[in-house]
Amino acid sequence: MSILVNANTRVLVQGITGFQGRMDTEYSLAYGTKIVCGVTPGRGGERVHNVPTFNTVRSAVSAVPVDASLLYVPATALRDAALEAIDAGIKLMVATTENVPRHDAALIVAEAQRNGVSIIGFNTNGIITPGECKLGGIGGDHPERSYVPGRIGVCSRSGGMSAEISWTLKKAGLGVSTCVSMGGDPITGLMMIDYLRLFESDPATDAMVIFGEPGSAHEQGVASALAAGEFRKPVFAIIAGAFQESYPKGVSFGHVAAMIADEADTATAKRRLLADSGAIVVDGLDALALAVRQRVNAPSVAAR
Amino acid sequence: MIRLTEDKTKSWLAARGLPVPKGVAVNNAQEAADAVTGFGGAVIKALVATGRRGKAGAVRVVSDAKAARDAATAILGLSVGEHLVERLYVEEKVDIGREFYLAFSFDGRSPSVVASINGGVDIEDVHRNSPESIVHHAVDAVHGVRFWDALALWEAAKAPKESLAGLARITVNVWHAFHDADALTLEINPLAADGKNNLSLVGAMMGIDPNAIFRQPQWQADASEQGATAGRPTAGELAVAEANRTLPGGAVRYTELDGEIGMLVGGGGASLLVHDMILARGSRPANHTDSSPGPITEKLKVMLREILRNPNTRGLLLAYNRLQMARCDTKMEALADALRQSGVDPRTFPIVVRLVGPTEQRAREIAAEFPGIEYLDDDASLDDAVALIVQRTRCARAVAE
């Protein structure tokens with residue numbers, strides 16, 4: 001078991017003929033992901049790593065049954081590509097595109113909500129259910145270096161930290177049920193709380209790890225649900241970026257700092273809120289490994 | 001966000017049929033004096049892309065050309081926030097009976113609109129003194145703002161009924177102006193009504209989404225004027241900002257700080273965590289970096305050169321989260337290049353490297369050409385890397401002192 005994707009998930013790749021789409025398709029196929037078709041307007045009829053390519057999502061899904069779409073589309077074309085997928089009846093999308101215009105992101109998410117579509121991203125590095133499948137760049141060409149099957153669910157705002165956290169768990173003799181890099185943009189489709197609810201109801205997950213940053217209300221949603229007693233499984237949290245509070249206001253550290261709207265969005269406020277709500281908040285990766293090992297008694301690595 | 005100056009915001013609004021006072025941007029006191037001649041009364045304002053100009057004494061009401069010249073002379077050269085006033089906006093003074101507030105921005109995953117009948121002052125002050133007079137509605141991005149939505153908004157804000165329809169019509173148009181500009185914020189304050197209930201957009205500030213510049217080329221120049229670094233950038237920050245604009249690859253940001261550990265750490269999440277860990281171990285970084293892990297070797301060379309050139313830097317940590325798609329060797333090549341350029345000797349200047357992932361073997365071979373570089377084993381954690389560089393830098397400082 002897992003959340004959202006597994007060995008049976010049939011995947012369409014939008015933008016399959018581009019450099020990134022082509023490379024990730026190769027790695028994903030090698031890992032076992034069922035990539036069944038691709039779409040690039042004007043390239044219908046071609047094959048990429050033997051995957052048939054169509055001109056439109058509608059023609060692809062009428063030829064081949066599809067469960068999810070993985071988008072490798074530049075920001076300039078994402079709005080149309082995503083709306084096309086929703087229009088064609090796709091119910092799960094993984095949107096890797098970065099630098100998505102905010103109005104486009106808002107429009108796509110609003111359309112998705114009307115149509116019961118789940119979007120992972122934007123600006124996601126992907127999702128992996130170790131040993132079964134991966135969608136996106138997550139894990140690269142050697143996912144097993146960081147991601148091994150197990151019973152911990154991981155949800156990270158940072159793509160790179162998905163690998164770092166999963167490897168930390170691996171080194172501690174643990175493994176991952178599903179790891180999702182949810183995307184660090186101001187607007188994401190699924191929220192952190194959505195992933196944790198899925199992990200809570202997944203019988204193959206014993207505990208969850210979240211990685212958060214300053215800005216956004218994701219952790220506040222998680223804290224409310226924790227405080228309301230929604231989770232029986234332990235939630236471990238790393239919230240990075242508290243250093244920003246030790247510098248004068250106005251010192252810019254890049255995109256993240258710019259988004260801190262008020263005091264509730266700082267790393268320290270999030271850490272305190274999560275801890276008060278019952279999350280196990282840790283300072284770093286070594287501390288994470290220790291804390292998870294102490295709390296999780298279930299078989300550490302799944303037998304599969 | 002790309003903040004536009006008032007003249008650009010207002011010409012965008014005027015082009016969409018919105019009622020904006022007549023105005024002109026000028027460069028000096030003489031032009032200001034000339035500009036007011038056609039106006040009964042005028043307002044002279046600093047033309048800088050920031051709010052709170054009134055509080056900084058950078059907005060003055062004048063009645064004739066002489067007063068305009070004096071006001072312009074007084075305002076030119078002032079500092080408003082971090083901005084030096086080099087140009088002015090001269091605007092016809094309009095009769096103001098009532099002042100309203102209207103703003104569009106984003107809140108969470110959807111656009112949002114804020115309205116208040118208490119305009120003309122900072123909305124933060126209104127929020128503090130009479131929060132009940134501020135109405136905040138989410139906007140459905142598919143549906144947009146229709147006339148009846150805007151009526152409901154202003155009804156909830158308790159707008160006087162003689163202004164309701166006019167405010168609603170303007171609100172719909174301002175929504176379109178916000179949306180069509182790919183704006184992240186558009187604030188109208190005050191949205192003024194004269195004695196006859198004619199509405200006018202007297203104050204207007206707009207910020208544009210840099211990710212949408214590909215379809216908003218009219219603001220390309222404004223985008224490149226505004227670097228990533230706030231405040232007064234150092235020479236090193238300027239050099240990296242320049243490299244960021246002109247060299248290929250994903251975005252990099254570089255901020256110089258008062259500590260001693262040079263850090264080139266990526267991606268974004270790892271750089272936040274490592275910075276926290278350095279502080280937790282009682283040291284301080286000499287800089288912060290933010291870079292995507294992708295192919296940005298040329299930019300990394302410049303950033304590493306500036307890190308090594310920063311006189312505060314006593315040691316360097318080159319660390320990435322475990323790489324999945326990105327290469328290790330190009331990052332190590334960038335460091336090798338910076339070392340050769342700078343003449344820094346890793347035997348006396350501590351350098352700790354933690355690079356794991358694709359092309360790691362090649363990266364290790366390059367590092368081996370520089371005795372003194374401590375390239376950590378495959379199973380070293382980011383915590384290990386931070387612990388080592390903090391300790392090594394502390395030793396280097398002790399030796400130097």
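Residue numbers begin at 1 in each chain, while the letters A, B, ... track the order of the sequences.
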Q: Sort out for me which of A:S156, A:G284, A:G212, A:G189 touches chain B most, counting heavy-atom pairs under 4.5 Å.
A: A:G189
Q: Which pair of heavy atoms, one from A:G137 and one from B:Q324, lies closest together, and at what distance?
A: O-CB, 4.2 Å
Q: Do B:M325 and A:Y27 touch side chain to side chain, with heavy atoms closer than 4.5 Å?
A: yes
Q: Using side-chain contact (heavy atoms from CB on, under 4.5 Å) as the criterion, point out the one residue from A:L107, A:V109, A:I108 that pairs with B:V142.
A: A:L107
Q: If I measure from the heavy atoms of chain A, does B:D209 come under 4.5 Å with its side chain, its backbone, both, or neither?
A: side chain
Q: Does B:N321 reach the main-chain N or O of A:E164 with its side chain, forming a donor-acceptor pair under 3.5 Å?
A: no
Q: If we only count heavy atoms from C-beta on, is the A:T168 to B:S381 side-chain gap below 4.5 Å?
A: no
Q: What part of A:A217 is in contact with chain B, defined as an atom under 4.5 angstrom from a non-hydrogen atom: side chain, backbone, both or neither?
A: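 When you check distances to chain B, no heavy atom of A:A217 falls under 4.5 Å.
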Q: Could you please spell out the steps behind the salt bridge (Lys or Arg N to Asp or Glu O under 4.0 Å) verdict for B:R109 and A:E111?
A: CA-CA 12 Å; B:R109 290 191 289 183; A:E111 282 286 6; over 6 Å; no
Q: With only heavy atoms counted, which part of A:N125 is less than 4.5 Å from chain B, the side chain, the backbone, both or neither?
A: side chain
Q: If you look at every heavy atom in B:N211 and A:V100, which pair is closest and at what distance?
A: ND2-O, 3.6 Å
Q: Counting only heavy atoms closer than 4.5 Å, note whether A:E245 contacts chain B via side chain, backbone, both or neither.
A: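 Answer is neither: A:E245 stays 4.5 Å or more from chain B.
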Q: Checking A:Q113 against chain B: side chain, backbone, both or neither under 4.5 Å from a heavy atom?
A: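 Only the side chain of A:Q113 comes within 4.5 Å of chain B.
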Q: Run the numbers on A:D283 and B:D276 for side-chain contact (heavy atoms from CB on, under 4.5 Å), then give the verdict.
A: CA-CA 9 Å; A:D283 285 332; B:D276 283 350; over 6 Å; no
Q: Please check if the number of heavy atoms outside B:H136 that lie under 6.0 Å from its NE2 is greater than 12.
A: yes
Q: Sort out for me which of B:P210, B:A280, B:A141, B:S110 touches chain A most, counting heavy-atom pairs under 4.5 Å.
A: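 The candidate making the most pairs under 4.5 Å is B:A141.
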Q: On a heavy-atom basis, which atom in A:A163 and which in B:R322 lie closest, and how many Å separate them?
A: CB-O, 3.7 Å
Q: Charged N to carboxylate O under 4.0 angstrom, A:R114 versus B:D140?
A: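 Looking at B:D140 together with A:R114, the answer is yes, because their closest N to O distance falls below 4.0 Å.
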Q: With a 4.5 Å heavy-atom cut-off, do B:P285 and A:F243 have their side chains touching?
A: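 They are not in side-chain contact.
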Q: With sequence neighbours excluded, tell me which residues meet ring-ring contact (aromatic ring centres under 6.0 Å, His included) with B:W175.
A: B:F104, B:F178, B:H179
Q: Pick from A:P143, A:G140, A:G159: which one has the most heavy-atom pairs with chain B under 4.5 Å?
A: A:G140
Q: Evaluate the criterion side-chain contact (heavy atoms from CB on, under 4.5 Å) for residue pair B:V356 and A:R145; output intermediate values, then yes/no.
A: CA-CA 10 Å; B:V356 186; A:R145 288 179 64 152; 3.5 Å; yes
Q: side-chain contact (heavy atoms from CB on, under 4.5 Å) for A:W167 and B:D379? Distances and angles first, verdict last.
A: CA-CA 9 Å; A:W167 171 78; B:D379 63 348; 4.3 Å; yes
Q: Indicate the atoms forming the closest heavy-atom contact of A:P214 with B:L272, along with that distance.
A: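 A:P214 and B:L272 have their closest heavy atoms at CD-CD1, 4.0 Å.
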Q: Shortest non-hydrogen contact from A:I187 to B:G108?
A: CG1-O, 3.7 Å
Q: Check the angle between the aromatic planes of A:H103 and B:F106 and answer parallel, tilted or perpendicular using the 30° and 60° thresholds.
A: perpendicular
Q: So which residue, B:V139, B:L279, B:V274, B:V386, ends up with the most heavy-atom pairs under 4.5 Å with chain A?
A: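 Result: the option with the highest number of such pairs is B:L279.
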Q: Go through the steps for B:R215 and A:T76 under the test side-chain contact (heavy atoms from CB on, under 4.5 Å), then give the verdict.
A: CA-CA 8 Å; B:R215 62 188 177 205; A:T76 51; over 6 Å; no
Q: Of the non-hydrogen atoms in B:F214 and A:P101, which two are nearest, and what is the gap between them?
A: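 Shortest heavy-atom contact: CE2-CG, 3.7 Å.
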Q: Checking heavy atoms, do the side chain of B:L273, its backbone, both or neither come under 4.5 Å from chain A?
A: both
Q: So A:D286 and B:D384, do their side chains get closer than 4.5 Å, heavy atoms only?
A: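 They are in contact (side-chain heavy atoms under 4.5 Å apart), so the answer is yes.
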